[in-house]
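Reviewing the structure listed below.
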Amino acid sequence: MLDPNYVRENLESVRTALAARNFSPEALDHFAELDAERRRVNSEADDVNHERNNASKEIGALMQAGKTEEATAKKASVAGLKERQAELEKLRDEADAAMRELLSGLPNLPAADVPFGADESANVEIRRWGTPRKFDFEVKDHVDLGTELSILDLERAAKVAGSRFAILNGDGARLERALINFMLDVHTRENGYKETQPPLIVNRDSLFGTGQLPKFEEDLFTLTDSRGFSLIPTAEVPVTNYHRDEILDAASLPMKFVAYTPCFRSEAGSYGRDTRGLIRQHQFEKVELVKLCLPEESEKEHEELTANAERILQLLGLPYRTVVLSTGDMGFSARKTYDIEVWLPSQQTYREISSCSNCGDFQARRMGTRFRRSGGGKPEYVHTLNGSGLAVGRTWIAVVENYQQADGSIAIPDALRPYMPGIEQISKV
RNA sequence: GGAGAGGUAGCCUAAUUGGUAAGGCAGUAGUCUUGAAAACUACCGCGGGUGACCGCUUGCAGGUUCGAGUCCUGUCCUCUCCGCCA
């Protein structure tokens, strides 16, 4: 959520920023009048409240003094206040709701150093690590490799659940589990994150807080239960909302959480994209990194979080590149995002395996997550960051494809050996 | 699922037949001190205002009332017991 005071004072630059994000700047056409109306109605309602409070206090004093007749007269004189107050409160609620509706639909503003552009073609590569391996045989993709090794069964997954689901078997399931444990261990032991295991179902307030609602309802799996529950599309939702509606001590920042969870996405609107294999599923495993930090430290923390995610690929020996997303390619809540893309030999290209975003105070304002500096003063909004560390299913793909051997078996990367004792490669059984 | 008890600011605890949230701890600043502690003074839920001040706040949402922590209805959460269950 954008700061209404900021929007009021920077209306034109906000308009420009929205256009850069492919959002219609016309959403702001009614901001000024709506804002003025809201403040006018609010102060008027305050005035009537004041009047009413004073009258009630006087009546109370008269009653205690035993002057019941004067109290009764006073009561009669304030009889009309109640209706006026009800009217004004109704107006105020409507004005507040209208402003909230307007603001809650606006995306975050891009940071100043985000490249301007309409879509992913304007993303800028900022670094590259590792060298794609040269194969002296014809490479297969993870679907062929996995199916032939009987570690991946997409056909039966389609029967049991539907399309965009997968079943991992044997050493394939083992590899997935090894990756999860490996990632959690690196982030908790080396990178200083606190492991947390959140609910996989969240309420609507949490989804509003991180920005999935109100605009992206169709991306979610929502339960028919009357409580408005949804399956989490990412652990970012339950973990970032952990301190919703709280005022934190500045000394407790930064907070660094790592969570492994399954994620559920309806992928409505992505028909025809990435339909083959494990790339885009309705259910996938992810290890997520989340930070809450001081505003002045979020850029530094963002760089560090991205490096923490990259570290996993380095340890696994998987070539990757890191790009900064353009204004047109960023997600709703982000002010700056780095995508980490891993090399996939079958596609001869780099594919997204992690997205690391600095959300500034955008989510914190929606969630009401604030902190107080030592020495007192007004509470301020924290900055929130999140990033995949990493998407486990896509890491599985990258390992299988990059470590494939001429006979169709998969070598296990050194870093994973402790997690798959006794298994040096996955071969046909 | 059934029965009961509860929810007051970061924590703990009050509030006459309804009369407008008292106090303690922790915390921050200051006085004193070589320094610290202790003691003392001030601040110490949220928002707005340069300010005197104003509005909001007893889990949440309604209702009754001039006035609700208190009375009524609904709802969420926690705890205890029973049932069920991994």
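Every chain is numbered from 1 and lettered A, B, ... according to where its sequence line falls, protein lines coming before strand lines.
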Whole angstrom value for the distance that separates C1' of B:C76 from CZ of A:R244 = 13 Å
Face-on cation placement of A:R311 at A:Y320 ring, 6.0 Å and 45° thresholds | no
What integer number of Å spans the C1' atoms of B:G48 and B:G4?
-> 44 Å
P spacing across the pair B:G59 / B:A15, given as an integer number of angstrom = 15 Å
Quick one: A:E246 CD to B:G45 P, roughly how many Å, whole number?
-> 18 Å
Residue-phosphate contact under 4.0 Å: A:R370 side-chain N/O, B:G47 OP1/OP2 | yes
Charged N to carboxylate O below 4.0 Å: is that the case for A:E296 and A:R373?
-> yes
If a pair satisfies side chain to side chain donor-acceptor pair (under 3.5 Å) and one of its residues is in residues 156-179 of chain A, list it, with sequence neighbours excluded.
-> A:D153-A:R156
Separation of A:D249 atom CG from B:C11 atom C1', in whole Å?
-> 14 Å
Are the charged groups of A:R8 and A:D35 less than 4.0 angstrom apart, N to O?
-> yes
Got a salt bridge between A:E380 and A:R370, using NZ or NE/NH1/NH2 to carboxylate O under 4.0 Å?
-> no
In whole angstroms, the gap separating C1' of B:G27 from CZ of A:F371 amounts to 17 Å
Could you state the atom-to-atom distance from CZ of A:R100 to C1' of B:G47 in whole Å?
-> 16 Å
Identify whether the distance between the nearest side-chain nitrogen and carboxylate oxygen of A:K291 and A:E304 falls below 4.0 Å.
-> yes
In Watson-Crick or G-U wobble terms, both distances under 3.5 Å, what is the partner of B:C11?
-> B:G24
Letter by letter from the 5' end, nucleotides 56-74 of chain B scores (B base, S sugar-phosphate only, - none; protein heavy atoms under 4.0 Å) S--------BBS-------
May I ask which nucleotide in the shown strands pairs with B:U73, Watson-Crick or G-U wobble, both distances under 3.5 Å?
-> B:A61
In plain terms, say whether A:R351 and A:D274 are close enough for a salt bridge, that is, a side-chain N and a carboxylate O under 4.0 Å apart.
-> yes
Roughly how far apart, to the nearest Å, are B:U64 and B:G18 at atom C1'?
-> 12 Å
5'-most contact on RNA chain B (nearest-nucleotide basis), A:N54 vs A:F229, goes to A:N54
Could you let me know what B:G1 is paired to, Watson-Crick or G-U wobble, both distances under 3.5 Å, or none if it's on its own?
-> B:C82
Using atom C1' of each nucleotide, how far apart are B:U65 and B:C12 to the nearest Å?
-> 33 Å
Should B:G51 form a Watson-Crick or G-U wobble pair with both distances under 3.5 Å, which nucleotide is its partner?
-> none
Whole Å only: how far is the CG atom of A:D245 from the P atom of B:C76?
-> 19 Å
What is the distance, rounded to the nearest whole Å, between atom CG of A:D47 and atom C1' of B:G48?
-> 13 Å
To the nearest Å, give me how far apart CZ (A:R372) and P (B:A29) are.
-> 14 Å
Check: A:F332 and A:F23 side chains under 4.5 Å, non-hydrogen atoms | yes
